[in-house]
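See structure below.
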There are 2 protein chains.
Amino acid sequence: MQQLDIFSYLGKLQDYYARERIIPSTTQLSVLWNGKARSWTHRIMQRLKEEGFLENAPGGRLRPGPRFFERTVGHTIRAGLPQQASDVQPELLRIDDYLIENPSQTILFPVKGDSMVDLGILEGDMVIIERSHSASPGQIVLAIVDDEFTLKVLSKDQKGYYLEARNDRRSKDYPPIRPEQKLEIYGFYVGLFRKTRIAGHRLGSSRNP
Amino acid sequence: MQQLDIFSYLGKLQDYYARERIIPSTTQLSVLWNGKARSWTHRIMQRLKEEGFLENAPGGRLRPGPRFFERTVGHTIRAGLPQQASDVQPELLRIDDYLIENPSQTILFPVKGDSMVDLGILEGDMVIIERSHSASPGQIVLAIVDDEFTLKVLSKDQKGYYLEARNDRRSKDYPPIRPEQKLEIYGFYVGLFRKTRIAGHRLGSSRNP
DNA sequence: TTGAATTAAGAACAATCGTTCTCTATAATG
DNA sequence: CATTATAGAGAACGATTGTTCTTAATTCAA
């Protein structure tokens, strides 16, 4: 009942995309697919679209669809695998894409101190902050207190807004911060990333072009 | 000496790309840039290309260049004011390049469970694993135990290698794991990232046209 | 005030785009 | 055998593309 072997075409397209990071036009795809006619190429792309490997992008062009990054299950993976290697391939999916939704409003901040360890935010982590002058209680915000940026949970009670740390073991060291006048919010927390490298990795003269 | 404020244009383009995952045509960009003429749009794109924010893709089209994904890093302490101070050049960072050094050997794994909370590794985080069949004591490794992947600290004593959890409060729930035969290591931990978005973002039936 | 950059607008070009239509081979099926 | 999908070729359409050229408004310093 298999009507058209889409996958042999798909494979080449995926390879091309991994190289060029762009979905080619029908004309280019025709060449890539061993010189098939443009109309035939178009029909196959249509099929790939129906199957969810491609999807429409603005301007009548196509972009990778939800299934485009699916992993071909098979080699290397053991039977009874728990959750297969997260079918996210770092080569194809950018972590950046995943984490950042509004690039122009996003800034990274290195974390200092341990006031938020209970939320898994450690010193040295990079937190991703989206600029905003307001936030709602419960959100983690980057606020400006005494000319310093500080990452805290925004809270509110009958006396107004205040900032809370999240470190049970040293709660006395981090009392709630109540603004003298008004609370200056710089942005809100949307995520973080952390790098834990063994020192000495890639030593020597790294004079790469 | 600043000849053209490229960055106000770049910001909108970056936001567009984050949404649509495609670099628009000059015509569409003209609209995005508040209806500028196509020729002017073209000239700005040329500038962005010269600066490394865009680069040529096959078919006369453009794709993001190396600098397209640079993110500004803020400073924990604000001397005067944060960024923008034309003189001071903001520090820039590409998240993917920062986190991943060997793309072909790198795999992402979603974290399950809370056995490593003391190291700030929470359920739902994505850990970055570099493939390797060996590791040294003290390293965090992704090991295969009972046909399941598990993230633990690799330790060693006179009786040999074993795996340790890092969760003080529930240490009795996570006793050290000693392999019956030999310890199968899948790779070692080099970092993680975490996304904390407000629910409701792009959820539900994604029946877009 | 003059003059040059800067920031556009507008027209025009060939090339390419996506798309559709009609027409063949080839292969399998009954 | 005849039939019916499959796999493709080829031409043709108008729309959009990237690109270049010329001209005009604005800004800003000398």
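All values below were derived from every heavy atom in this structure, side-chain atoms included, with hydrogens, water molecules and symmetry-related copies excluded. Numbers restart at 1 for each chain; the letters A, B, ... are given by sequence-line order, proteins then strands.
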Sugar-phosphate or base contact per nucleotide [nucleotides 14-23 of chain D; S, B, -; heavy atom under 4.0 Å]:
---BBBBB--

Here the distance between atom C1' of dA7(D) and atom CD1 of Ile6(A), to the nearest Å, is 13 Å

Looking at Asp118(B) and Arg170(B), is any side-chain nitrogen of the basic one under 4.0 Å from a carboxylate oxygen of the acidic one?
no

Answer yes when Arg67(A) and Glu51(A) have at least one side-chain N-carboxylate O distance shorter than 4.0 Å, and no when they do not.
yes

For the pair Glu101(A) and Lys195(B), find out whether any cationic side-chain nitrogen is under 4.0 Å from an anionic carboxylate oxygen.
yes

How many whole angstroms separate atom CH2 of Trp33(B) from atom P of dA8(C)?
11 Å

A cation-pi test, strictly: NZ or CZ of Arg131(B) under 6.0 Å from the centre of the six-membered ring of Tyr186(B) and no more than 45 degrees from its axis. Yes or no?
yes

Check this for me, if you would: do Lys112(A) and Glu123(A) make a salt bridge, where the nitrogen-to-carboxylate-oxygen distance has to be below 4.0 angstrom?
no

Side chains of Lys152(A) and Ser115(A) only: does a donor on one sit below 3.5 Å from an acceptor on the other?
yes

Going by the side chain to side chain contact (heavy atoms under 4.5 Å, CB included) test, name the single residue among Val117(B), Leu192(B), Val111(B) that passes it with Leu122(B).
Val117(B)

Phosphate-side-chain proximity, Tyr9(A) and dA7(D), N/O vs OP1/OP2 below 4.0 Å
no

Please round to the nearest 0.5 Å and tell me the distance separating atom CG of Asp173(A) and atom CG of Asp114(A).
8.0 Å

Just the rounded figure in Å: distance from P of dT19(C) to CH2 of Trp40(A).
16 Å

How long is the line joining CD1 of Ile44(A) and P of dA9(D), in whole Å?
10 Å

Compute the bend angle of the helix from dT1(C)-dA30(D) to dG30(C)-dC1(D) from the end axes (five pairs per end), rounded to 10°.
20°

